[in-house]
Amino acid sequence: MEEKNIKISNGVNKELPKSYNPQDFEDKIYEMWEKSGYFNPDICVRDGVCAKNAKAFTIVLPPPNITDKLHLGHSSMLAIEDLLIRYHRMKGDRALWVPGTDHAAIATQNVVERKILKEEGKTRHDLGKEKFLKKVWDFVGVTQATILKQTRKMGASLDWSRQAFTLDEPRKAAVRKMFVDMYKEGVIYQGERIVNWCPRCHSTLADDEVEYKEQKAKLYTFKYSSDFPITIATTRPETKLGDTAVAVNPKDDRYKKYVGKIFEINFAGIPLKIKIIADRNVDMKFGTGALGVTPAHSMVDWQMAEKNKLPVIKVINEDGKIHDGFGEYSGKDVLTARKMVVKKLEENGLLEKEEEIENNLSVCYRCGTAIEPLPSKQWFIAVDKKIKRLNNKSLKEKAIEAAKKGKIKFIPERFTKKYLDWMENLHDWCISRQIWFGHEIPVWYKEKEIYVGEKAPEGIGWYQDPDTLDTWFSSGMWTFSTLGWPDNFQKGKKAGDLADYHPTQVLETGYEILTLWVSRMVMMSEFALGEIPFENVYLHGMVLDEHGKKMSKSKGNGIDPIEVIDKFGTDAVRLALLIGNTPGNDTRIFEEKIAGYRNFANKLWNISRYIITNYELRITNYKFDFKDLTLFDKWILFQMRNLIMATRDDLENYRFSQAGERLREFTWGDLADWYLEVCKFEKNSSKGQILSVILNDLLKLWHPFMPFVTETIWQEMENKKLLLIEKYPELDGYKEILAKTNNGDFYPEMLLIQKIITAIRNARSENKVEPAKKIKTVVYSKIEEYKKLIKDHEIMIRGLKTGISELEIKVKGEKIAGAIYAVVGDIEIYLIGAVDKEKEKERIKKEIANLEKVISATENKLKNKEFVSKAPKEIVKKEKEKLASWQEALEKLKEQMK
RNA sequence: GGACGGCUAGCUCAGUUGGUUAGAGCGCUGCGUUCACAUCGCAGAGGUCACAGGUUCGAGUCCUGUGCCGUCCACCA
């Protein structure tokens, strides 16, 4: 067939290249999409791509931290979300995907702090707040630009006209409004709490910023004083200067009699009032079973103190030294003070035991300094407070209810439990942070006055709260702050984007922030709008390296998305991330895997190239009026219809990997290896049109997975419209065709032909017959229909690498000696004149052994009366049929061995 | 300490409600370059589904227990 010149989309006449080179097309294609405006659903409505009243399908992109460029985990997130968005856009939904980035307060501040320390040898305090923040904003500008570029590289069809940043002006206004509303409602309050304090960095740390270091420590067992009845144990005697209670387990008979009593004692020279309290969290078996309660310097003790209304005595100050008012200890650092206290105890004969134990020391993840838990004034969100606007339910209750009632579904389902466990144990949420970069707290002070409002108060002498808000406060508002809240929410009514796109349909994010982020979003949305933020939460796993290790810069095992995109193409990277893993599970990725999908993209390219060059005239002719349909035509259309059905079902149920594998199997197996090969030998008037239909729908099905190569091919096919906004394949046309073929009654015939071809190839290969050698082939069959079937498909059978020189079809003849033998059910095949007797014998023996094994297993099954009586009739019938056909084949093979 | 996940071919992983001889990709073995593709084609080898019980006519799949690996949470005074 002569090679034709194909018009490429840019108008230049040229031949399609032999292999697909992503770099030649990807950027151009993305530009086309972006310029078209169809990433924006409003433009789609305007141009009739989707109906005005079409269902909305909204995803807000989990905003990547601007601390660094994107890694493969982000790529995975983008691939999944883009798949969903493209699928729904093609289905005709008003698909909106909102882009943005996260200021990631603490993380960003730390990165910049480290950077200036390294580059200029300065701390943030050296620079001062204003200069330091300028440095941060410079940094943000750079990384943000990189992130946005990378996101486009992934092919993400985000609506850039709605781009947001968690710390831009609209979001700042939203945060202020939220804070003030919550404050007015009494949900936000100021209170004291133990925070993780790093005495070196002079800052609080979030719980997840604390690291634990295994170490050996000394556990001291002692009495406060000789007149105190209970012995306690501690690794930190110096903090005991601030003890206000001793806690024991309420079931502990040793101490029951003391519970409720107060002892006034002198501990190492300092007078203390100690109350004996009962708390079921005290482990009777650890140490002496009694715990000295130091409310100011232990999270757990603080909680006990609150419950029991105990006084709080601060022992250690912000520099990690003993506070004033502790006599000789004041001003000493904790280690010195510890030695002094222990010495005192020894002198007074109060120290009973000193032993080495293993324990976990909390240290600052930045500098490794031991953390001091200290009480400090912070802002909180009350999660248990009943709120009027929530029908007297608390934020916690609303968030739990949403999951329990199934308003919010989790994928995979097991994360529902994790979400609920976390929610049920949630304490008030501390939202203030002692850092500079972040949302300012809309609170002003003037001597003893306090003002909370969206704008600074009038008058002189007011100063703003120096703290900033936890980054999750603003990202918790992400689903609605990006859709125009609060402007779009007046008098309790949604308007604009908020009315059109909220609640969103899917929140797709990593399972590691289920608790940190997802839970907060639910509470914030319930408070602000009285509705859930999203209907489904799809959780993906982590992207790990080949050996299952986390990718990290320090280990140097990370794969840079841009590098692999340059090497293998975006589509290949996307497929490698989408296929071969399941929701909520981690996935390993390495270059060989990506290379495999690069090969696949090329395969699809070549399939298309073949169809386009050979059937060019009919390629855009998408019509289901075929004049004549052969067995294989019916089969491929049947397979295609099943594929469309299954893919839709898979995508609706978030089985992306399965959908991808199925598509791959059809494309490479059914279409390339069988149907296209058939087309080379079987000519009929419908072929071009069938191929046109198949390729059209196949490209559409693949588009959400591999947007670039599919769009490129689509454009090569001289389509005026973008594949991006094509309608997703429907079943209508296929249904008609199928009705005409009695819903697939041709299927067994098709399988028979396939089996005959495979059997011949196999027999030749095992006998080491050179592929080029043509052999006379004789086929026996008692069944008249089969004979006709084979006769009708002779050209095709001969064409498909069976190396037949002459094909003879007989009813039944004598066994042909010295020939290669194969059997397919009733059909016997002899390949004459190329037998390798030893190999042939071996092969038949192997097949006999194989058959005998399955036959005996099946016979036993059918002998079992209970199986026959209790199993469904269908299953039993199937087993019987199988057995019969195996037995027939076995007999024939045995005949050959004689 | 608590919760969750994994354990299926040499490697990476699928396996939807229990029911053909348990699948795929990569890798491996043999053969193959004439007209879509060597980023390819054809054929093949390779698994007692971690282990032990149980339910069932029937278990990779459901239940109980054990082991190993991993993750998250809580952290011991």
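Just so it is clear, the values below take in all heavy atoms, side chains as well, and ignore hydrogens, waters and symmetry mates. Here the structure is a predicted model, which is why all the values come from computation and not from measurement.
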Span that lies between the P atom of B:G47 and that of B:G67, in whole angstrom: 29 Å
If you measure from the P atom in B:C51 to the same atom in B:C11, how many Å do you get, rounded? 16 Å
Both A:L851 and A:H547 contact RNA chain B. Which one's nearest nucleotide lies toward the 5' end? A:H547
base_contact_polar (B:A36 base, A:E677 side chain, donor-acceptor, <3.5 Å): yes
Distance below 4.0 Å between A:N425 side-chain N/O and B:A74 OP1 or OP2: no
How many Å lie between CD on A:E592 and P on B:C26, as a whole number? 12 Å
Partner of A:Y675 under side chain to side chain contact (heavy atoms under 4.5 Å, CB included), chosen from A:I690, A:D670, A:I607: A:I690
Lys/Arg N to Asp/Glu carboxylate O, A:E682 vs A:K687, below 4.0 Å: yes
Determine the interatomic distance between P on B:C69 and the same-named atom on B:U29; round to the nearest Å. 34 Å
Counting any heavy atom closer than 4.0 Å, what does A:V282 reach on the DNA or RNA strands: base, sugar-phosphate only, or nothing? base
Give me the distance, rounded to whole Å, that separates B:A3 from B:A74 when you measure between the P atoms they each carry. 16 Å
Expressed as a whole number of Å, how far does the C1' atom of B:C62 sit from that of B:G10? 32 Å
Does the plane of the ring in A:F222 sit parallel, tilted or perpendicular to the ring in A:F267? Use 30° and 60° as the thresholds. parallel
Name the nucleic acid region contacted by A:K768, choosing base, sugar-phosphate or nothing; use a 4.0 angstrom heavy-atom cut-off, strictly under. sugar-phosphate
For B:C26, does the base pair up with any side-chain atom of A:K593 as donor and acceptor (N or O, under 3.5 Å, distance only)? no
Could you please name the partner base of B:G41, counting Watson-Crick and G-U wobble pairs only when both distances are under 3.5 Å? B:C31
Looking at A:F600, A:F708, A:Y610, A:F25, which hits ring pair (Phe, Tyr, Trp, His ring centres under 6.0 Å) with A:W605? A:F25
Note: for A:I875 and A:Y511 on RNA chain B, the residue whose nearest nucleotide lies more 5' is A:I875
salt_bridge(A:K882, A:E879) N-O dist < 4.0 Å: yes
Can you tell me, in whole Å, how much space there is between the C1' of B:C68 and that of B:A50? 8 Å
Does B:C31 have its OP1 or OP2 closer than 4.0 Å to a side-chain nitrogen or oxygen of A:K801? no
Return yes if the base of B:A36 and the side-chain atoms of A:K680 contain a donor-acceptor N/O pair under 3.5 Å, otherwise no. yes
Gap in Å between the two P atoms, one belonging to B:C75 and one to B:U56, rounded: 46 Å
Please report the distance separating the C1' of B:C49 from the corresponding atom of B:G60, rounded so that it comes out in whole Å. 5 Å
Whether the side chain of A:W886 and the base of B:U21 hold a donor-acceptor pair under 3.5 Å is what I'd like checked. yes
Return no unless some side-chain N or O of A:R655 is found under 4.0 Å from OP1 or OP2 of B:U16. no
